[in-house]
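See structure below.
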Protein chains: 4
Amino acid sequence: MQLADLKGKTIAFLASGGLDSCTITRWLTDHGVTVVAVTADLAQPDEVNFDAVRERMLASGAVEYVAVDLRGAVAEAGLEAVQAQACYEGRYWNTTGIGRHVTVAGTLPVLRERGILVLSHGATGRGNDQVRFQLVTNMLAPDVTVYAPWRDPAFLGAFRGRSEMIDYCTARGLPIKASKNAPYSTDANLLGLTHEAGKLEALETPPSFVVPEMGRRPSEAPDGPGLFTVRFERGRPVAVDGKAVSLLDAFHAANEVGGAYGVGIGTHLVENRFVGIKSRGVYEAPGMELLGTAYGLLLQLVLDRRARELYDTLSAVVAKQIYQGYGYDLASRMAREALRPVTELVTGTVTLSLYKGQASFHSAGDAPHSLYSEENSSMEAVGEFDHADSEGFLRVLSVSARALAAAGQVVGPNRPVG
Amino acid sequence: MQLADLKGKTIAFLASGGLDSCTITRWLTDHGVTVVAVTADLAQPDEVNFDAVRERMLASGAVEYVAVDLRGAVAEAGLEAVQAQACYEGRYWNTTGIGRHVTVAGTLPVLRERGILVLSHGATGRGNDQVRFQLVTNMLAPDVTVYAPWRDPAFLGAFRGRSEMIDYCTARGLPIKASKNAPYSTDANLLGLTHEAGKLEALETPPSFVVPEMGRRPSEAPDGPGLFTVRFERGRPVAVDGKAVSLLDAFHAANEVGGAYGVGIGTHLVENRFVGIKSRGVYEAPGMELLGTAYGLLLQLVLDRRARELYDTLSAVVAKQIYQGYGYDLASRMAREALRPVTELVTGTVTLSLYKGQASFHSAGDAPHSLYSEENSSMEAVGEFDHADSEGFLRVLSVSARALAAAGQVVGPNRPVG
Amino acid sequence: MQLADLKGKTIAFLASGGLDSCTITRWLTDHGVTVVAVTADLAQPDEVNFDAVRERMLASGAVEYVAVDLRGAVAEAGLEAVQAQACYEGRYWNTTGIGRHVTVAGTLPVLRERGILVLSHGATGRGNDQVRFQLVTNMLAPDVTVYAPWRDPAFLGAFRGRSEMIDYCTARGLPIKASKNAPYSTDANLLGLTHEAGKLEALETPPSFVVPEMGRRPSEAPDGPGLFTVRFERGRPVAVDGKAVSLLDAFHAANEVGGAYGVGIGTHLVENRFVGIKSRGVYEAPGMELLGTAYGLLLQLVLDRRARELYDTLSAVVAKQIYQGYGYDLASRMAREALRPVTELVTGTVTLSLYKGQASFHSAGDAPHSLYSEENSSMEAVGEFDHADSEGFLRVLSVSARALAAAGQVVGPNRPVG
Amino acid sequence: MQLADLKGKTIAFLASGGLDSCTITRWLTDHGVTVVAVTADLAQPDEVNFDAVRERMLASGAVEYVAVDLRGAVAEAGLEAVQAQACYEGRYWNTTGIGRHVTVAGTLPVLRERGILVLSHGATGRGNDQVRFQLVTNMLAPDVTVYAPWRDPAFLGAFRGRSEMIDYCTARGLPIKASKNAPYSTDANLLGLTHEAGKLEALETPPSFVVPEMGRRPSEAPDGPGLFTVRFERGRPVAVDGKAVSLLDAFHAANEVGGAYGVGIGTHLVENRFVGIKSRGVYEAPGMELLGTAYGLLLQLVLDRRARELYDTLSAVVAKQIYQGYGYDLASRMAREALRPVTELVTGTVTLSLYKGQASFHSAGDAPHSLYSEENSSMEAVGEFDHADSEGFLRVLSVSARALAAAGQVVGPNRPVG
C-alpha cells in the first residue's frame, strides 16, 4: 500500500508521540490523508504522558487522538507467556512481540467504531514489528489494510534520516520533543524493554553499554541476598510475599524486586529475525524473569516425563509464534489449549533467592499436584518401590538393548566393542 | 542375576574404594566369587588416591585391582555434550550420565582381556545409574551380564543399612576409610559433581546446604567481574585466555575459573528419573557451564532459523539419551552425526564476563561462519536489503493470513474481532 | 501380585469366555479366590454371545457375571483416534489399544460398586495389553491392584500350554467351547481386529494367511469402483451417503462398505512393542480407515502449514500414548485439548472412491473452514496475489540464503560450487 | 531483477523448449539480452528430443544451447528422498522439488564456464518452483542473480496469456511446437510427474481427470497380482527381481513395474505451498512409491523405538526442506548426516505384492540388521524374555502411574474415577 492509495481516506496511526510520529502524521496530512492517532497504554515503565502525546499529535495534524487502556490486556498476555515459558531462542521473553499483538487487538475496536479501514505504523522495513503489525491485523481484521511509511518509496524518498525529519518538523513549527539522537532504540511495555539498533549493531559494543531502565545491573544490586515469594493458583500469581495481589500488581511487584536485584536485566541475544537476518538485542524483563522462574520451578514438580516433552515442544512453538506475529492463528490456539490442563495444575508457593542478577530456588510448598515424593525418591526407603522389582525392569530393558547389539547397530565411543 | 548364579565365577566390580566397595567385595568373596576390582580414573576433582583404593580392595578380598585411565575419554565425552548443549530438562549437564557411559566403555576391555563375563556395580535399585550401567554394558557387550547386589534379595537381606556394613567390615578387620555418615551422596568426575539423596531429599533443605567442592558459592565469589576468553576451532576449545590448551587443560582451566566465580555451582533441579519418579539434585559443573555458555554464544552467530530448530530438537534428544543410558544406540548415533556439520562451523573467540555466578556475553570475534552482519541487521543502512522489498514480502504473507481469517479460523484474545 | 496375595479376596476378572477364561476362573476359585467375571461389550464384529459366556463363566466358578455395555464408549474413543489421525508407526489404527482403555475405564465402576480392589486379566507377559491394563487401572484407580496370572509363577508352573488347560477343564467338566488351536490370535472390537502371534510370528507367513473377518481381501472386492460419502460437522460424522447417522451407525456403515471394498483389510506392520521388542501384526479396520481417510482429506483443506506441523506432532504423540497405555495421563490430555480447535473446524462433505482396497479422493465440498481458494491457488488469475509481489518476497529470502553461502555453510550435492 | 538490469548482459535461461521458452528467449534477445539456453536431461519419462529443442531455441535467438546430462544426479537425489522417506505432507514424493535442486546444481557449472552471472527461468510468481530456483541459486552461487520474467512487470505487461505468446512467436516465424492448450500443466523427471493448475484447480475436477503418463490407473492394471523383489545393500537398491542393477536401472524398472500395476499413479493432495496458499496436485511416482515402500518395510525391521521417533522427525524435516528449496542449507545437511547411520543398516531383500494400485508386504529376508526376532516376539516361547520379569517391569511403571493419580493429574474419559 502506498501514499497514492490513501488520499482522501481516514487512517489510524499508531503513534508513540516521538519525532517519527509527528513527521509521519504531518506528512500524511499534508498529502490529504486524515489521521486518527492512537497510543496504546501498555503500562510502560517509563510512563507515557498521554496528555503531552495528545497535544503533539493534534498539533501535527491528527484530527483525533485516542489513548487505549491495554494495561490489563498486556498483563494477561504476559502471563500466557509465563505459563508457556515462551522464551524465543531460549532467552528472550518476547516482550515486544507480545506488546504488538496486544496493541493491534486493542486498537482495532477504535478503527471499527470509526469505520476506518487502514492501520498505519512507524516500524521499519527490516524488523519483526512490521510483520507482527501486518499479520495480526490481517488475521483479526482481514478487511483492514496496513500502511507502513517506512516501506513506501514516497516517504523513503522524502526522509532519508533523522535530521531531515527534524528539519521538516521544525520548519512547520511542530512541537517535537527535544531529544538527542539515542545511541540505540528501545521498545517498552509493562513486561519489559527491548534495546536494539544503533550502536548495539556493532558486536564490539558490550551489552553493558545499555543503561538499564527497569532496574540495576547485577553489579549494582545489593550485596546481600533477597527473597521473593510468589503463590500461584491454577497458573495465576495470587500473592506476592504473602500479600494478595492482582495480576497487574504481581507484575509491578516482580518488576520492582527483580529489577532491584539485577534479575532479567541486560539479557543479551543474537537472534534470528523473521525476515531471515540475524539481529542483536539487549533485554530487560525482570518481572517476567522472576515470575517465569518461579513458574518453571513449579513445573519441575508437576510435569512427568511425557508431559514435559510435549510441554517443551509447545513452549518452543508458542515462543516462535508470538515472535513471528502468528499469536492468533490456529497453531497458536492449539498450543494454548494444550497448555490449559498444565496451567490448571500449577498451584504452589515458591520462594526464590535473589542475588546479583540471579533468581534461584530457595523453597517450594503447598503444591497439591506435585509429583515429588520424598519417600518414592529416596534411594534407601522401602516404600512403594521395591528395589528387587528393578531387576525385572532392567531385564526387560536388556532384551532390546542386546537385540540392538546383536543386529550390529551399536557403535561404541571409538569402535564396536566385543 | 543373583548370587547363586555367580558362585565359582570371576567378576569385575566397579569399586570406588568406599564402605560399599569393601563390603560387597568381601561378601562376594565369602560366597565363592572371585572379584577383580576396577576403578575408573575420570579426573575426579577430589583426586582419588588409587594406591589407597588398591590396598583396601585387595585387603577386602579382590584378587586383582585395576585403575583405568579414562581422563581423556571423559573430556571427549564432555565436549560432545557441550557441542550438543545437552542439558537434561534444560538444566543438568548430565555429568554423571556421561561418566557412566565412559566408565563402562573403558572398563569392558579389562573384562575382555581376562575373559570375564560379569560386570558388577554398587548402584541402588531406584536410581538412574543402574540403568546406565546395564544398558551400556548390554549394548557394547551383549554377552556380559550385569550383577547389582543392591537389587539382589540375598544382599539386601544381609545388609539393611550402613551400620550393618560397618559391623561386617570391622568384624573382618577390613581397612574401611573412617568416614562419618555423609548428609548426602556425591558422584564426581572431571565434568562435575552431582549431589543427591540423604538430607537433600527433603525439599525443605535449601540447595545452599550443599558445600561446593569445585568452587565457591556466588556470594563468596570476587566482588569484581572477571573475564574468560576461549577460542573454539571446529567445535573444539583450542585456546583459553590466549594460551593454546589441550582439551583436558581447557576443562581444568574452565573448572578453575568458573568455580572461582561461582559459575555452575549449586544448580538445582527436580527432575524426572528414568524409572519414572521425581528426584532432586544439586549440581556443580563450572567448566561445562563456562565452555557450554561460550559455545552457545557462537551457535547464536552460526545457526540460522531452520538449523536452530533442528539443533534444539537434537539437543534435547542427546540430553535424554545420555541421561537414560542410551548414549550408544542408533538414535544417539543419528543425533551425533547430525551435529557434526554444526560442530565444523563453530570457530570463533568468545569472551565471557564472569560475575557472582553468572557468565554472560562480553565480546565475540574471528568467527568465519557467523551469519551476523552488521550491515544486514541495520534498521537504517540500505545494504543488500531493500526496505521496499518488504512490502512485497508482507503482501505475500498477507494472503495466507487473510485466508485464515476468511475461513473463520482466527480467534482473537477474547473473541473474534470484525 | 501373586496368588498368595489373593486368597480370601474377591477379584474382578476380564473374561472373554474362552479356554483361558474358564481355566483361570476355576483355578483361582480352587485356590480360594472369589471371582466376578466381567465382559466388555465393545460391539465386536464377531458378536459375542453374552448369555453363553455368562453360562460358561458361572459354570467355571465365577460368583457373578457382568456384561458392560461399552459400545458407545468405544465409538467415541475411535472417533478421537480418527480426529487425531493417530496411527501407530504410521500404520496401525490402535484398535486394540483403544479398546483396552475403554474396557478398563468402563469396568472400574463394576469394581467400585462391589468394593473390589483387584482387577485381573488374561494377557501375557510379553505383550502391550498387560501394560495398558495396568497403567490405565493405576491411573484411574490407584488403589486397585492388577493381577496377571500369566506373569505369576504359580500359574505358569501349573499351565505350560493349551493342552494342559484343556485337560484341566475337561477333568472338571467345564463347558469350554470346542475350538481348534487357532493359527494366530485375534482381538476384536467395533473399530477393528488385530491378528498376531502363532504362525504370524514367522515372517515367511505372508499377511494373506490371515482370513479377513471384517470384509474381503482387495482381490475379492468388486471389480468396479464404489463411492462412499460422509459428512463431518465439527469433527463428527453426521451423515453417510446423505443419510443422517449416529456415531455408532457411522462406524457400522463404514465398516460394512470399507470391508466390502477391501479397504483397511490386511494391513501389515512390524512394530515396536512398548516392552522394546519387535512384533508383527496384521490388522483390519475398514471403518477407521474409511472415516480416517475422509477426515484426513478435510484436514488437507483446513490446516495451514503451521497448524499442520503441530498437528502432525500431536498425532504422533496421541498414537504413541494410546499404544503404550498412557491415554489418560497429562500428556494425553494436553494433546487432546490441542486438537479441539482443529476438530471444531472439520466440517465438510467428502466423497471417497473405493476400489480394490483403496479409498481415494473423489470430491469434497461444503467445508466453510477450508483454506483452499481456486482463485488464490491459480497460477494465472490475478486475484489477491500479485505476481510482482513475489519479487520482493524472494529478494527478502535471498538475503538469508546468500548469507548462508557467504558464511561457508552451504555444501552442494557433491562439493561447494562457486 | 528486471529487464532494465539485463540489457547488454549474457544470461542462462532454463529452457524446456516449449512456447514459453521460445517467447522469453526471443523477447529477451529483442531487448538486447544475450541468451544461452540450457536444458537439463533428468531422464524425463516423456523423453525430451534435445535436438529439436536445440533447433527451436537457436531459432528463437539463443546464441548457444546446452543440454546437461543430469540423469545420474536426479537418480541419486531420488534415492536420498527414498532413504529419508521424504513425502511432503505425508503424500507427495517431492519429485519436482528434487528436480529443481538437481537442475540448478547441475546448471551452475555451465554458467561458471562462461562467466555468466544471471540465471533465468520460466516459473510463475505464485508457485514453489520460483522459490526453489532462487534459493538453490543463492546458496550455491550467491554471486549469481535470478531473473524471472513472470515476476517482471515489463514481461507481464507484454504477455497476458497464451494467445499473446502464440501471436508473438508466429509473427516472428519461430518454430513453436504445435500444441493445444493443455488442460493442466505437468512437470516431469525420472522420479515422477506433477500435474497441477488449469482445470485441476477446481476441486470438482476429479483426480481421474488426469491421464497417467507413467503407467495405468489402478482400474486398468492387471487383474492378477504381481511381485516385485528388490534388494537393498546399505541403503542402495542393488538388484531387482534377482538381477543386479545400477541405480538408474532400479528406477527404470520400478517405474515400469509400478506403473503397470497402477502403484503411485494419481496420488492426490491439497497441499500448503511455500508462499502460504493451498495448492492441489495429482502426482505420479511409481518407482519412488515402489522403492520407497520396500525401503519402509526394511526400516520397520531395523529401527527401534527411539531411532524411529528421531527418524520420523528427520523425515518430515527433509521433506519440508526439499519442498521449500532449502535442500542444501545447514539444516538439510544435518538431517542428511543423521540419516547416514540408518542408511548403512538398510540391507535386505523385500518382495512386494502388487495389485491394482497397491504395493504391500509379501516377504522379507537377508536383513542382517533386523531387530525382528521370532523368538523374542513370541507370546509363548520362553527364550530370553522371562514373563515373570514383566511383573517387576510393570511394578516399576506403576509407581509413576499411581503418582500421577495421587497428584490429581488424571482425568478419565468422562470424569475422574475413584
Can you tell which of Ala406(D), Ala367(D), Ala407(D) has the highest number of heavy-atom pairs within less than 4.5 Å of chain A?
-> Ala407(D)
Ala403(A) and Leu371(D) have their tightest heavy-atom pair at O-CD2, 3.5 Å
By number, which residues in residues 299-306 of chain A have some heavy atom less than 4.5 Å away from chain D?
-> Val302(A), Asp304(A)
Which distance, rounded to the nearest 0.5 Å, do you find between the CZ of Arg402(A) and the OG of Ser373(D)?
-> 13.5 Å
Do side-chain atoms of Gln409(A) reach the backbone of His369(D) as a donor and acceptor pair under 3.5 angstrom?
-> yes
Name the option with the most non-hydrogen atom pairs under 4.5 Å to chain D; the candidates are Ser370(A), Pro341(A), Ala307(A), Gly392(A).
-> Gly392(A)
Measure the spacing between CZ of Arg395(D) and OG of Ser390(A) and express it to the nearest 0.5 Å.
-> 10.5 Å
Whatever's closer than 4.5 Å to a heavy atom in chain A on Leu404(D) counts as both
Rounded to the nearest 0.5 Å, how far apart are CD of Glu309(D) and CD of Glu309(A)?
-> 6.5 Å
Apply side chain to side chain contact (heavy atoms under 4.5 Å, CB included) to the pair Leu397(D) and Phe393(A), showing each step before the final yes or no.
-> CA-CA 9 Å; Leu397(D) 294 185; Phe393(A) 182 78; 4.3 Å; yes
